[in-house]
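Structure first, commentary second.
Source: prediction; values computed, not measured. Both counts, for ligands and for their atoms, begin at 1 and track the order of listing. This chain uses plain numbering: 1 for the first residue, then up along the sequence.
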Amino acid sequence: MSVSTVKSAIRLPPLPSLADLLRMLDLRARRQLSQNFLLEPRLLNKLAKAAKPLAGCHVLEIGCGPGGFTRELFREGAQRVVGVELDRRFQPCLENLQDCVRAADRDLETDCSHQREQDLSADWHSQQLPKIRLVGNLPFNISTPLLMTWLQDIAERRSVWQHGRVPLVLTFQKEFADRLLADTWTRSRGRPSILTQYLCEARRCFDISGRAFLPQAKVDVTVVRLVPLRQPLIPVPYPYVNKLVKHAFAFPNKSLVACMETLFPPDRCDLLIRLFAETGTQPQCTPRELSIAQFSDLCQAYHRMCQTEGSELFDFTYIGKEDLWRTRKSVQRKVLNGLTVNYFTVANIVNKTRLAQQANQSG
Ligand SMILES: C[S@@+](CC[C@H](N)C(=O)[O-])C[C@H]1O[C@@H](n2cnc3c(N)ncnc32)[C@H](O)[C@@H]1O
């Protein structure tokens, strides 16, 4: 069936307005489930258009609520929507929508287990995108952990990304979206910026005022579209990138050396010096100054070290600030007692790195 016939068919069974549906079913938003609904059809349509092209696509929608976004996905040509919704009170709304889309030869499922196998995939290295989309006006309270899980899935090409570079169209609190999209030297630059940008082409689609939601949200929202890159910008397994980046942004306003000292065991400051020397990274710069290419150099060097030094290096976990403080105290005591110690201090690492970098250049 062509898209235009489907569009005319979908108009046949009239849908009650979302506001009427919520009123009829006496559905009040539950704060604990971060329920802020979008009821304005124009905005919902704009949101669906951000996931285009949708013709013939299968869409996985997270948190369908009363189904406003779901309607617009069908209107824009989605062949099938698999909706995930925790709150069972929305079942009647979704069933109502289901009847309408069935009449239009479309399919709405609220249970993933029946997903049919179809050829929707596209080779990861081709220009073409698979006919699958992941979308959601996400509940604020779980949007960050959801995105972090999906980024790892993208890096490891599992879950829906085993079918190719499935694009994501998601809403985030504006402040968090700014962090995802932040460039070098900006205050918003952080771990989410690096993890997102090394794996995906990230684009801000548009902002939605908090006043547009029911109930009104206290913050504004940004719609972000992420398309996985054919080649990640950091060619290192995700857990290594994640660990290094996490350490690098431990104290975003402090020097990199202060952040990274906990990446290695206290008796292996030689490795930290090597990391800076090999990559030509300035230990005194702050993590926000580093480009993705510089993070790529650091991650590759760290990955090489973990391979040569053995798995204990990657497994090393810094236990906590107090332990570090205690160790430092004992180091200070040893220094006072005239003993030679080999422990990280910022000045020590900076000097040694400078010498190692000079030696690298002259050698
Ligand atoms: C911000 S509302 C969006 C609702 C609807 N899509 C819209 O645009 O109006 C988020 C939805 O996610 C649902 N939700 C919250 N936690 C969830 C979870 N863990 N799994 C699935 N859905 C969840 C909420 O019940 C709510 O309907």
Side-chain angles (χ1 to χ4, degrees), residues 15-52 54 57-76 78 80-98 100-101 108-113 115 133-150 153 159-160 168-177 205-225:
L15 286 160
S17 85
L18 285 171
D20 287 345
L21 258 179
L22 292 176
R23 217 172 299 118
M24 270 157 34
L25 298 166
D26 194 23
L27 289 176
R28 273 157 235 256
R30 286 188 174 150
R31 201 178 281 271
Q32 66 274 31
L33 289 180
S34 292
Q35 290 180 345
N36 297 91
F37 307 119
L38 267 180
L39 305 181
E40 164 69 46
R42 192 186 52 83
L43 268 178
L44 287 164
N45 187 260
K46 205 171 164 188
L47 189 54
K49 281 202 164 99
K52 278 181 97 168
L54 279 169
C57 281
H58 285 201
V59 184
L60 179 60
E61 186 194 354
I62 311 298
C64 343
F69 187 16
T70 324
R71 283 181 193 197
E72 296 305 322
L73 291 167
F74 282 118
R75 229 187 282 274
E76 287 305 317
R80 185 154 193 252
V81 177
V82 176
V84 181
E85 174 53 59
L86 196 65
D87 191 341
R88 285 185 181 277
R89 295 178 307 153
F90 295 116
Q91 210 157 343
C93 303
L94 296 172
E95 272 163 9
N96 179 294
L97 181 57
Q98 199 156 21
C100 298
V101 295
L108 171 67
E109 286 256 2
T110 43
D111 180 355
C112 293
S113 57
Q115 205 160 2
R133 303 283 181 272
L134 175 62
V135 303
N137 175 17
L138 296 180
F140 289 157
N141 59 347
I142 54 169
S143 59
T144 306
L146 278 178
L147 179 68
M148 290 301 145
T149 308
W150 291 332
D153 289 344
S159 177
V160 288
L168 306 91
V169 172
L170 305 167
T171 57
F172 294 103
Q173 293 193 16
K174 187 171 176 303
E175 198 188 332
F176 184 69
C205 298
F206 58 96
D207 293 341
I208 306 176
S209 159
R211 290 195 305 268
F213 292 87
L214 183 83
Q216 289 190 5
K218 290 198 182 90
V219 289
D220 291 345
V221 165
T222 298
V223 180
V224 176
R225 180 180 163 109

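Among L60, V59, T70, the one residue that satisfies the side chain to side chain contact (heavy atoms under 4.5 Å, CB included) test with V135 is V59.
Residue N137 holds its CG atom at 12.0 Å from CD1 of I62, rounded to the nearest 0.5 Å.
Every side-chain contact (heavy atoms from CB on, under 4.5 Å) that S143 has, sequence neighbours left out, goes to L138, F172. For D220, the side-chain hydrogen bond (donor to acceptor under 3.5 Å, both in side chains) test picks out no residue, with sequence neighbours left out. Looking at residues two or more places apart in sequence or on another chain, you find no side-chain hydrogen bond (donor to acceptor under 3.5 Å, both in side chains) involving K46.
A donor and an acceptor atom, one from each side chain of N141 and Q32, are nowhere located under 3.5 Å apart.
Near ligand 1, residues L33, S34, Q35, N36, F37, L38, E61, G63, C64, G65, V84, E85, L86, D87, F90, N137, L138, P139, I142 come within 4.0 angstrom through at least one heavy atom.
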